[in-house]
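So the structure is just underneath, and the comments pick up after that.
Please read all numbers here as calculations on a predicted model, not as lab measurements. Scope of the values below: all heavy atoms of this structure, side chains included, with no hydrogens, waters or symmetry mates.
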Amino acid sequence: MERSRPEVEFELLPLLRIHKNGHVERLLGTDFVPAASNDPLTGVSSKDITIVHETNSISARLYLPKLSSANRKLPLLVYFHGGGFCISSPFTSNYHNYLNTLVAEANVIAVSVNYRKAPENPIPAAYEDSWAALQWVVSHCNNNGPECWLNEHADFERLFLSGESAGANIAHNMAVVAGDPEFGPSVHILGVALVHPYFWGSDPIGSEAANPEAKAATDRLWPFVCPSNPDNDDPRVNPLAADAPSLVGLGCSRVLICVAEKDVLKDRGWLYYQELGRCGWIGVVEITETDGENHAFHIYDLQAEKARDLIKRLAAFFNRDMPPLL
């Protein structure tokens, strides 16, 4: 006799479903690939570390490119993965392979943060974990932190944040806090690269209404991951909401926004770019749009020409004004 399947209480397809017995079934982003001392394709080394050794532990995967000069410090990238705040991790094949490729191309040292996920740990858990991870990274700025790779190889004058989708949302929110004189870190964040950022709002803009299925799915995401404030105009997801902090205080000097033509989130990225350029923020903002592609396309096919172009664009952003190798 066939066993009955658990009843489903809620679905957020294609990401996950929640059964009435409380079990959360994640449908994507559940694989695990180990870190490697020498990735055969890129030569990048990686290792896993624990940042906070408590009940709500925070972990990360560190990446170090093949070193060409023992005395040369490398730009430092703190990276936040995507997945709608509810799936995936730095340890999945998609994000691990992407970080290997990006680190090799950009010649940066990277910290890929594993933050807690909804629904078990709803917003603000992801922000709290990401801020704690950033503070831990900054604790190495005097070369006496607990992680030797950061002490020996990271240039804290060239600190960058980046992420994709929900991870780009996190990167933005970390930069907002970093710009607050009361809470900001002791080290200046040079730049933030937002790839297909998850920004939204209750009123549609641009072409959002033209894709009702994608709009409806996106409308459901924030209320699911942030039940304590399910409004899609929460300033954390809508940085241009009436009660959002002014972007003039964004705590970095450079911003790169990457959008994709077929992504329902595209117009929010453009609007963020426009507002950052006119609000009085003292910095340089750039935007690039990839024709013919959809959300997070680069994560799934790293060898595609447009994915390679995007990675090269990010590498150029991280390495602007770097002195030449001797």
Side-chain angles (χ1 to χ4, degrees), residues 4-33 79-99 112-123 125-126 163-171 194-202 204 207-227 230 232 234 236-238 258-269 290 292-304 306-307 310:
S4 61
R5 298 185 62 187
E7 288 188 80
V8 174
E9 183 175 76
F10 177 85
E11 288 185 320
L12 190 68
L13 300 178
L15 305 180
L16 53 71
R17 62 172 59 98
I18 302 175
H19 298 276
K20 287 189 175 180
N21 63 7
H23 173 62
V24 178
E25 181 185 6
R26 287 178 168 84
L27 306 175
L28 297 171
T30 59
D31 65 314
F32 176 90
V33 294
Y79 182 81
F80 307 101
H81 69 83
F85 293 102
C86 58
I87 66 165
S88 206
S89 81
F91 318 121
T92 62
S93 56
N94 284 338
Y95 284 106
H96 176 68
N97 294 336
Y98 171 65
L99 263 294
S112 183
V113 178
N114 186 33
Y115 51 86
R116 286 173 292 162
K117 315 298 187 299
E120 299 92 337
N121 298 284
I123 297 294
E164 171 262 328
S165 194
N169 176 290
I170 293 173
L194 308 177
V195 181
H196 308 166
Y198 167 50
F199 298 142
W200 202 237
S202 58
S207 60
E208 290 171 359
N211 191 341
E213 184 176 344
K215 181 185 181 303
T218 311
D219 281 340
R220 298 177 69 206
L221 179 57
W222 184 259
F224 172 70
V225 300
C226 187
N232 272 310
D234 182 316
R236 292 169 293 185
V237 70
N238 184 358
C258 304
V259 298
E261 180 187 9
K262 296 182 178 180
D263 186 0
V264 71
L265 302 176
K266 174 190 70 174
D267 293 316
R268 299 284 171 174
T290 303
E293 296 292 347
N294 213 322
H295 188 71
F297 72 92
H298 59 294
I299 297 293
Y300 302 103
D301 186 0
L302 294 170
Q303 300 307 313
K306 291 178 181 179
L310 178 58

Just how far is it from atom [atom1] of [X] to atom [atom2] of [Y], taken to the nearest 0.5 Å?
X    : Y    : atom1 : atom2 : value
R268 : N238 : CZ    : CG    : 6.0 Å
L16  : H23  : CG    : NE2   : 10.5 Å
L221 : L15  : CG    : CG    : 7.0 Å
I170 : S165 : CD1   : OG    : 10.0 Å
I18  : E120 : CD1   : CD    : 7.5 Å
K266 : N294 : NZ    : CG    : 10.5 Å

Stepwise side-chain contact (heavy atoms from CB on, under 4.5 Å) test for V264 and W200: CA-CA 10 Å; V264 71; W200 202 237; 3.9 Å; yes
Which residues share a side chain to side chain contact (heavy atoms under 4.5 Å, CB included) with P223, sequence neighbours left out: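 Partners of P223 by the side chain to side chain contact (heavy atoms under 4.5 Å, CB included) criterion, ordered by chain and then number, come out as P230, N232.
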Under the side chain to side chain contact (heavy atoms under 4.5 Å, CB included) test, residues paired with E213 that sit two or more places apart: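 So E213 forms a side chain to side chain contact (heavy atoms under 4.5 Å, CB included) with N211.
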Ring centers of Y98, H81 separated by less than 6.0 Å: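 No, the ring centres sit 6.0 Å or more apart.
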Could you list the donor-acceptor pairs under 3.5 angstrom formed by side chains in residues 86-94, with sequence neighbours left out?
from: S89; atom 1: OG; to: F91; atom 2: N; distance (Å): 3.0
from: T92; atom 1: OG1; to: S89; atom 2: O; distance (Å): 3.2
from: S93; atom 1: OG; to: D31; atom 2: OD2; distance (Å): 2.7

Using modelled atom types only, decide if a donor and an acceptor are shared between the side chain of [X] and the backbone of [Y] within a distance under 3.5 Å.
X    : Y    : value
E11  : R17  : no
H196 : A296 : yes
Y95  : G82  : yes

Does any non-hydrogen side-chain atom of [Y] lie less than 4.5 Å from one of [X]?
X    : Y    : result
V237 : C226 : no
Y198 : H295 : no
F199 : L194 : yes

Which atoms form the tightest heavy-atom contact between [X] and [Y], and what is the distance?
X    : Y    : answer
L265 : P197 : CD1-O, 3.6 Å
P122 : A118 : CA-CB, 3.9 Å
R220 : L12  : CB-CD1, 4.1 Å
R26  : P119 : NH2-CD, 3.8 Å

Check against side-chain contact (heavy atoms from CB on, under 4.5 Å), F85 and F224: CA-CA 10 Å; F85 293 102; F224 172 70; over 6 Å; no
F80 and N169: CA distance, side-chain angles, deciding distance, side-chain contact (heavy atoms from CB on, under 4.5 Å) verdict: CA-CA 9 Å; F80 307 101; N169 176 290; over 6 Å; no
Residues, nucleotides or ligands: over 12 heavy atoms within 6.0 Å of K215 NZ: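 Yes, enclosed.
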Audit row: E293, H298, side-chain contact (heavy atoms from CB on, under 4.5 Å) steps and yes/no: CA-CA 9 Å; E293 296 292 347; H298 59 294; over 6 Å; no
